[in-house]
Protein chains: 4
Amino acid sequence: MPAKTTARKTKDRKERKDRNKDEGRSARILEAADALFCERGFAGTSLRDVAKDAEVNKGLIVYYYQNKAGLFSAVLERYYEAHGAALAGLSQEGPLRERIHAMLDGYFSFIGDNRRYARLIQQEVARSGEHLPLIRKNLRGLFEVVAGELGEALPAEGPLSPKHFFLTLSGMTISYFTYAPALKALWGSSPVGELALAERREHIHWVVDALLDRLERDAA
Amino acid sequence: MPAKTTARKTKDRKERKDRNKDEGRSARILEAADALFCERGFAGTSLRDVAKDAEVNKGLIVYYYQNKAGLFSAVLERYYEAHGAALAGLSQEGPLRERIHAMLDGYFSFIGDNRRYARLIQQEVARSGEHLPLIRKNLRGLFEVVAGELGEALPAEGPLSPKHFFLTLSGMTISYFTYAPALKALWGSSPVGELALAERREHIHWVVDALLDRLERDAA
Amino acid sequence: MPAKTTARKTKDRKERKDRNKDEGRSARILEAADALFCERGFAGTSLRDVAKDAEVNKGLIVYYYQNKAGLFSAVLERYYEAHGAALAGLSQEGPLRERIHAMLDGYFSFIGDNRRYARLIQQEVARSGEHLPLIRKNLRGLFEVVAGELGEALPAEGPLSPKHFFLTLSGMTISYFTYAPALKALWGSSPVGELALAERREHIHWVVDALLDRLERDAA
Amino acid sequence: MPAKTTARKTKDRKERKDRNKDEGRSARILEAADALFCERGFAGTSLRDVAKDAEVNKGLIVYYYQNKAGLFSAVLERYYEAHGAALAGLSQEGPLRERIHAMLDGYFSFIGDNRRYARLIQQEVARSGEHLPLIRKNLRGLFEVVAGELGEALPAEGPLSPKHFFLTLSGMTISYFTYAPALKALWGSSPVGELALAERREHIHWVVDALLDRLERDAA
DNA sequence: GATGAATGAGCGTTCATTCAT
DNA sequence: AATGAATGAACGCTCATTCAT
C-alpha cells in the first residue's frame, strides 16, 4: 500500500516538473503574487492563494521570498526595473514639443503594458502604508525625468512649476487606466480596447498641445 | 478580555457615557471605520481596531452595521450623500467658462474637505473588487454633472468627448491629493498646506483656461 | 439538514456547560496548561494541546491569556501566590533547631504538594531563558526566608554563609522530587508513595541535625 | 534561500572549508547542538538554528544524525562517555573519609567542566519525557559508583540508605550549577568564578565531614 | 442597547524531513 | 559528503462573527 502512494507521488512530481520546466517555481510565484496583489491589495491577498495560483507549495514562497512583505517587495522591485528601462527610453532628442509628445506616448505605452503596476501603486499610494518608501523610490525616478524634460519651459516655482504639470500629466495618464474600468459599464464600450486606447492617446496629445500653446502665448 | 477591576471599569463607562452623549456610538463607529478603511483599506482594517478606536464593544459594530461589509458600505454611503450635496452646488448659472471654473473649484473644495473619500475610492477602484458597484454609483453622479456641464461645448464621441475631459479633470484634481503626499519628501513642503492648495487651484484654473482656449480656437 | 446541525450544536454546548459549571473555562485552561508545561516544557507545549486537554476552543486561550507567554506567566503567577502563602507559614517561633526543622518540613510539604511547580522551575532555571525574571522573583522570596532563619547561626560570607546552606537544603528537597522518579526503576519502589516520602523527610531531618551539630561544635 | 551572488558564495565556501578542516562538520554540528539543546531545551531548539550555528547545511544534520532525536541522543551519548571516564576516576584507594571527599571533588570537577550536561539532564529529568531512558542510563552509572563507595558505611534501607545520600550529595553539587546563575543577581557576584567555585567546594567538604561525623557517632 | 464569552476558519510562519543531484 | 529545492503538518495568533445575557 505505501508503495502505491510513493508511486503516485513520484508521478505527480514528474508531471509537474514537465509542465514547469519553462518557467521555474519562483518566477511562477512572482507572477501569481503580482496578479493577486494587484487585484486584492496587500492585506487582501493570502499566501495560500498565491501558492494555489502558482501551483506551488505554501512553504516555498517563504523559502524564496522570506515572508509576505518580501514577496510584495519583489513584485514592486520587478516593476521598478521595468520602469527604469522605460524611463531610459522616454527622453528623446528634438524640439520641446516633440519631446514631450514622445515622452507621454512612451509613458502611456508603459502604463498600458503594465496596468497592474499602475493599480498596485494607486492602491498603496492611497493608503499611505508601510510600502510607501518603495513606491516613492519608483515615483521619484519618473518625476525626475518628467521634470527634467519640462524644466526648460517652466518656472521652478508656482502654479506652473514642473511638479504641477507632472501630477497633471501623469494623473491624466494613470487615472485613465485605473478609473476607466469602473466606468466601463457607464460608457458601454471597453476602455482598454485598441481603439479606445488610441482615442485616449489622441486626447492626451490634444491636451498637451493646448497646454504648450498656452505656455508659448504666455511667454510671448 | 476579562475584567481586571470592576470598579475601574464602571468608572470608565460613566466617563465615556458623558463624553459620548452628544455623538452616539454608531456615529463614532462610523467615524473610526472611515479613518481606518481609508488608511489601511478594507482588508487591512479589522473590526477589533475599529472598536478600539471608537471605544466601543466589538459586538456593537455588528449590532449596528451587521458585518464588516455593511460597515464599509455605510462609510461609502455617507460620502455618497455628501457627494450628492456637493454636486448639487456644482452646477452654476452664467457663461460656460465661468461655470466650468466654478465647477472645478467646487469639486476641488469637496475633495479637499473629504480627502479620505478620495483615497478610499482610489484604493477600491484600483482593485476591481467586491465594492465596485457602490463605487460606481458614486462616480456616476459626478460623471453626469461634469458631462452635462461640458456637453454643450464638446462632441459626443471621440478624443474630445466629455468622458475624456471628465477623467482628465477629475484625475488632475484627485491625483493631487493622493499622489502629492507620497512626493512630499521630494518637494520639501507640505502639499496640503493652505498655500500649496491655493497654488494647485491656480494650476487647475490655468489648465482649464488653456483647454477652453484651444477648444474655442478649434471651433473657430 | 442544517436544522440537524444546529440542534446538535446547541445540545453540545448545553452538555458542556453542565459539566463545566463548577470550574469555569479560564480555570480549566490554567489547569491544563499547568500540567502540560510541567510535562513538556514551554516550547514543547502547544496551545492546541492545552485547548484539547481543557476541552476549550483554541481562541479562548488567547482571549483569556493574550498569548502563550501570558499563559505561562499565569501558571507561574499562580504558584507564586501559593508559594508566598507557604513561605508565610515557614517562619516559626522557638529555638533555632526546632525552627529549622519546622521550616524544612514546611518546605518539603509545599514542594510535595506542588510537584509540578518544582519540575517547572527546574526546567526553566536550567535553560536560562526568557522566563528567568519570573522564576527569579519566585526564588528570591524563598531565599530571603531561609537566609533570614539561618542568618543568626551563620557567618555572612564564606563557605558557611546562608546562601550555600540555602542551595544545599533546597537542593536536597527539590532534587528528591525531580530526580527520584527517574531512578524509580532502579530502586523498585515508588519514590512518591507515602512511606517513601516519610523516609525522605527523616533523611532530611537527620542531615539537618548533623549540620547543626557540627555548627555547634565549631562554634564551641 | 536562493543564491544571490554565485561568486560570493563560492568564496564563502572555500573560506569555510579551510577553517573547518581541523574539526569536521559532524563534530561542529554536535557542538552547536549541545550548546543549543542546553540553552533552549529539546523542543525549543530548531535544526535550522543548529545548522546556522554550525555553519552547515540543514540537510547535513539529517545525513549524519538521521533526525532531531538522533542528534539529541548523540549529544547525550557524548556526555555518557565523558561521564563514564570521569566515574572511573572517582573511586579511589584509602580510608573511607578520604575516598568520599575525593569522589565528591571529582564529581564537582566533572560537573563544573560539563555544566551544559548538568543543565541538560536537569531539564529532561524534570520533564519526564521521551528521552528519560537515555538519561537514566547516564544516571545509573553514577548511582552505582556513589552507592558502592558509601555502601560499606550505610544501611541498605531506610532514611540513611545510599540512595538518599546519593540524591543529597549529587543534588548539593548539581543544584549549585543550575540554580546559582538564577540567583546571581541576588548575590551580586558571579557564582561560577574561580573563587566562588572554590568556596562551594569547601562548603561541600564541610557538609560531608558533618555527615560522616554524625554517622560515626551514630555507629558508636 | 450593549457586553463579553465563545467559536472556527484562516492567517503568516516555522518546522522536521525528504529527495534529487 | 554535501546541497538546496520542496513538502506538509503544525505552530501561535487574528479574524469576523454568533450568541446568551
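Computed over heavy atoms, backbone and side chain alike; hydrogens, waters and symmetry mates excluded. Proteins get letters first, then strands, A, B, ... in listed order; numbering begins at 1 in each.
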Exercise for the section: Determine, stepwise, if the pair C/Tyr79 / C/Asp34 fulfils side-chain hydrogen bond (donor to acceptor under 3.5 Å, both in side chains). Expected result: CA-CA 10 Å; C/Tyr79 281 119; C/Asp34 186 350; 2.5 Å; yes
Name the nucleic acid region contacted by [X], choosing base, sugar-phosphate or nothing; use a 4.0 angstrom heavy-atom cut-off, strictly under.
X       : result
C/Thr45 : sugar-phosphate
B/Tyr64 : sugar-phosphate
B/Leu60 : base

To the nearest 0.5 Å, what is the distance between [atom1] ([X]) and [atom2] ([Y])?
X        : Y        : atom1 : atom2 : value
C/Leu76  : C/Glu124 : CG    : CD    : 7.5 Å
D/Asp49  : D/Arg40  : CG    : CZ    : 5.0 Å
D/Leu134 : D/Glu77  : CG    : CD    : 5.5 Å

Measuring from the side chain of [X] (C-beta onward, heavy atoms only), which nucleotide among [options] has the closest atom?
X       : options                : answer
D/Ser46 : E/dA16, F/dC13, E/dG12 : E/dA16
D/Asn67 : E/dT17, F/dA2, E/dT3   : E/dT17
A/Lys58 : E/dA9, E/dT13, E/dA16  : E/dT13
A/Lys68 : F/dA2, E/dT13, F/dT7   : E/dT13
C/Arg48 : E/dT17, F/dG12, F/dG8  : F/dG12

Exercise for the section: Please determine, for F/dC15, whether a Watson-Crick or G-U wobble partner exists with both distances under 3.5 Å, and give it or none. Expected result: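 E/dG8 is the nucleotide pairing with F/dC15.
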Problem - G-U wobble or Watson-Crick pairing nucleotide for F/dT21 (cut-off 3.5 Å, both distances) - result: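 Here F/dT21 is engaged in a pair, and the nucleotide opposite it is E/dA2.
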Taking atom [atom2] of [N] as reference, at what distance in whole Å does atom [atom1] of [X] sit?
X       : N      : atom1 : atom2 : answer
B/Ile61 : F/dC15 : CD1   : C1'   : 12 Å
C/Tyr65 : F/dC13 : OH    : P     : 15 Å
A/Leu71 : E/dC11 : CG    : P     : 15 Å
C/Gln66 : F/dC13 : CD    : P     : 10 Å
A/Phe42 : E/dC11 : CZ    : P     : 14 Å
A/Asp49 : E/dG12 : CG    : C1'   : 13 Å
B/Glu55 : E/dA2  : CD    : C1'   : 15 Å

Would you indicate, yes or no, if [N] has its OP1 or OP2 atom less than 4.0 angstrom from a side-chain nitrogen or oxygen of [X]?
X       : N     : value
A/Asn57 : F/dG8 : yes
B/Tyr63 : E/dA2 : no
C/Arg25 : E/dA6 : yes

Problem - Residues B/Glu55 and B/Lys52 bridged, charged N to O under 4.0 Å - result: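 Here B/Glu55 does not pair with B/Lys52 in a salt bridge, since their nearest N and O are not under 4.0 Å apart.
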Handout entry: B/Leu71/B/Leu30 under side-chain contact (heavy atoms from CB on, under 4.5 Å): CA gap, chis, key distance, verdict
Key = CA-CA 7 Å; B/Leu71 178 58; B/Leu30 212 54; 4.2 Å; yes
Exercise for the section: Could you say whether D/Ala69 or A/Leu47 is positioned toward the 5' end of DNA chain E, judged by the nucleotide with the nearest heavy atom to each? Expected result: A/Leu47
Handout entry: Pairwise 5' ranking along DNA chain E for A/Gly59 and C/Gly59, keeping only the more 5' one
Key =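 Closest to the 5' end, via its nearest nucleotide, is C/Gly59.
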